[in-house]
Amino acid sequence: MAALLPVFSVIAPGAWTVGALAVTAAVLLSGLAVRVLRLNALVATVVELGVGVILLTAIFGRSTALLGVIPGPATFASVPSLFAAASEEIRLGVAPVVPAAGLAFVLVAAVAGLAVVLDHVVLTARMPLLAGVGLVAVSLIPTIAIPAAVDVPAVLLLAAAVLFLLRMDVRSRTRAGTSGRRVTARARGASATAIGIAAVAVIVTVAAVPLLPQPALRFASGTGTGAGTTINPNLELGNDLRQPREVDVLTVTTTAATAPYLRAVTLSRFDGAVWEPDSGDAVAVPADGPVFDPVPVDGDIALADATTTVTVGDLDSPWLPVPYPASTVSGLEGEWLGIPENRTIVSRSGSSRDQEYAAQAIVPRPTLEQIRTRPVGGDELGGAVRDLPADMPAIIGDTARSVTAGAQSPYDALVALQSWFRSSQFRYSLEAPVEAGFDGAGLDAVAQFLQERTGYCVHYASAFAVMARTLDMPARIVVGYLPGTRSGSIEQGNTEFVVTSSQLHAWPEVYFRGIGWVPFEPTNSLGVPTNFVSGTTGGGSDPADTPDQQDAAAPEATRTTAPQLDDPGDAGTVTAGQDGTATMSPVTVLLWAVVVLALGAAVLPSAVRAGQRRSRMRRARAGDATAGWGELRASAVDLGIPSPDVESPRAFAARLIEEHGADDTDVDLLRDAVERAVYAEETTDPAAGPAFADAVARVRARLRARATPARRVAAAVLPRSLTMRSVSTPVATPEPVG
């Protein structure tokens, strides 16, 4: 379960989850039965594999199996086709993927196989910590595939699993050579150590990792090389508001009267804290032909055919910016997928960088009278575009109802909201939300934004969408680009527009029955608000695919006010988020993770060893001779001096004196004390405690002085004593006499 929870961010849970847990339970119970019968440990692994194969056959290969459960040649022959189907699902699917038979088979088999491996490693090979490494590795894969905020419940469950395995490992080590009361005491100590390590790991994961220093910004140079920018659909921007130096990412030419907004990602699911990108069944984008059917509109709505050509420069994104509602996209290189549910285009392996494509859209153009008579919503919509959490701050709904109190239609209510946000009561600012502590798109941030009345596009779009939903209107957020800046050049009779990284934007959409999704522009000082003109004036209407953009191409209407960098050449790779804000790319996150893990691997052993040393020396100073002897042995082992468990204290003491130059007075004091503790059961001698501790310190210093520099460094960085099964308790075997 600990390894499985992060997988749900990539694969949607469902029937396969039940099957995986059922097969895993049966596999482990069969292994338990073998061990109860005291059969050979390897028999348990063989039986588990057999049970797993039988159950997988019963679930996925019943039609070709003998008696429905015993696999035959035809059953095994069908496995490659299942793997091929799974590969196709992964290639064409958009996370979280809903698995069909092929992918479900691979998932259930993988989870059952992981259970067999962990069972063998823990109970047969007796290496619980190795199993912990396996759990962590499996849980990291989906996290790397789809970076997201720290999932605290998943981290806690994984920490509990690793803690359990760590406790098993330490207890198994402390049992060697001990019995009775000492086993209980050492087991308790092992549990305390494991709990301490686990607590530190959880604290570091949940609290410290998000606070790691961010790398400096680097963007593409004028030659077209470099990191460039990308599209980040995560509206939880947090502290990541440093806008990069502005770079050109797109050039656009269009046959439409005005340059369109370019949509990349839609976000409909809202849990009160985070807006999640939409996903759905995907279709391959053909080389020549329509990707999507035209938007279904009522027969009385006028339509306009527009073709927009986009040339991508320094935009490295799996999401393709296209105008709404594009039906045909031609000229793309590589494999691209279209999602009919939201008419977006995405690639699982390719990139938008250096692509040049033409998007044809049939745009609905309703008149003001027509859109005023249309209700919002439709039977074809899912519930996600209306859902709101139960614990809504009262200010959101109350404000929405107050602002729209005089509206005669849903459209009038939305225009009233749009006008209110764009009024002088609100101010556009990238810095104010951070300074006031409400940067984000959740309900708390929206509520404070409505009080502070200053923010940037994420706050305006989220507030507008949530307020529209409180009025029972289906609403979502779109992430994409503003129309850009008119360049002055003419391309095939059409004006060219240049889109920069600072024009990455978020805006809301509301669904009107018989028209489709209609965007609005509530962000104060950006773009031009949506308005439809009356059909009785003969002036036509603005297209419904984007807010009216008569003046949106002007630099002063689209540039943001975030600070610029002094030098684009200073290293560190980031990508641009909404409104040009910066966020680390997955590659950068992975590199930082590797650095953190490397530092942890280098520091953790020495930190654990230092903690052991302090604990033993404290007990030795309190009169525990075995603790002092254990620290003496551990220090010797760290410096490359062997101390086998079967060697008596007297023999080990003699070697330290004769071969390694230890002071005989100090060594004899410790040897005599530990022999009394073992043979006479004199567990502590408080009066002699300070002498024990001082003797250990002097012997350790003498051994370190005689060791080579390389040995001393190895002892500090990779202390060998951590792998010893028994340290403090010597073997109670009398030394031969005569």
Side-chain angles (χ1 to χ4, degrees), residues 231 248-266 283-297 301-313 315 317 319-334 336-340 342-347 350 352-366 478 480-499 503 505 507 509 515-519 527-528 530 540-550 552-553 558:
I231 296 174
D248 295 344
V249 293
L250 305 168
T251 57
V252 178
T253 60
T254 182
T255 61
T258 57
Y261 278 34
L262 298 178
R263 306 160 76 258
V265 188
T266 64
V283 297
V285 175
D288 185 18
V291 185
F292 310 116
D293 295 331
V295 173
V297 297
I301 303 294
L303 300 173
D305 194 345
T307 299
T308 300
T309 301
V310 180
T311 302
V312 183
L315 174 62
S317 168
W319 291 281
L320 195 71
V322 292
Y324 180 84
S327 298
T328 300
V329 179
S330 57
L332 288 173
E333 296 182 359
W336 291 83
L337 304 172
I339 304 176
N342 59 358
R343 308 182 77 87
T344 58
I345 296 178
V346 66
S347 174
S352 61
R353 182 185 287 272
D354 298 328
Q355 296 278 352
E356 184 174 359
Y357 52 94
Q360 184 180 19
I362 300 177
V363 185
R365 289 180 177 267
V478 183
Y481 282 97
L482 288 163
T485 304
R486 193 186 306 269
S487 69
S489 62
I490 305 297
E491 183 71 23
Q492 295 181 350
N494 300 315
T495 303
E496 183 180 82
F497 296 85
V498 177
V499 180
Q503 292 168 317
H505 190 49
W507 65 91
E509 289 183 334
I515 296 175
W517 288 99
V518 176
V528 175
T530 296
S541 65
D542 297 325
D545 63 317
T546 176
D548 179 15
Q549 294 299 322
Q550 295 298 323
T558 56

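Nothing fancy with the numbering, it's 1 onward along the sequence.
- Residues L315 and P321 meet the side-chain proximity criterion, which asks for heavy atoms closer than 4.5 Å.
- Side-chain contact between P483 and T258 is absent, with no heavy atoms from C-beta onward closer than 4.5 Å.
- Contact record, P364 with I515: CG-O, 3.8 Å, taken as the closest heavy-atom pair.
- We find the CZ-OG1 distance between F497 and T251 to be 11.5 Å, quoted to the nearest 0.5 Å.
- Between Y261 and L482, the closest side-chain pair of non-hydrogen atoms falls below 4.5 Å.
- Listed by chain and residue number, D305, T307, T328 satisfy the side chain to side chain contact (heavy atoms under 4.5 Å, CB included) test with Q360 (two or more places apart in sequence, or in another chain).
- Evaluation of the side chain to side chain contact (heavy atoms under 4.5 Å, CB included) rule for F292 yields P340, R343, I345 as partners, not counting sequence neighbours.
- Taking CG of L303 as the reference point, atom CZ of R365 lies at 10.0 Å (rounded to 0.5 Å).
- In this structure the side chain of L320 never reaches within 4.5 angstrom of the side chain of V285, judged on heavy atoms.
- Residues Q503 and L250 fail the side-chain proximity criterion, which asks for heavy atoms closer than 4.5 Å.
- Side-chain atoms of T254 do not come within 3.5 Å of backbone N or O of A259 as any donor-acceptor pair.
- Side-chain contact check for P286 versus V291: some heavy-atom pair is nearer than 4.5 Å.
- A distance of 6.0 Å or more separates the ring centres of W517 and Y324.
- The side-chain heavy atoms of P260 and T308, taken from C-beta on, include a pair separated by under 4.5 Å.
- Residues D293 and S327 form no side-chain contact, since every pair of their non-hydrogen atoms from C-beta on lies 4.5 Å or further apart.
- Judged purely by atom type and a 3.5 angstrom limit, Q355 uses its side chain to pair as donor or acceptor with the backbone of E333.
- Residues W336 and S317 come closest through the heavy atom pair CH2-O, 4.2 Å.
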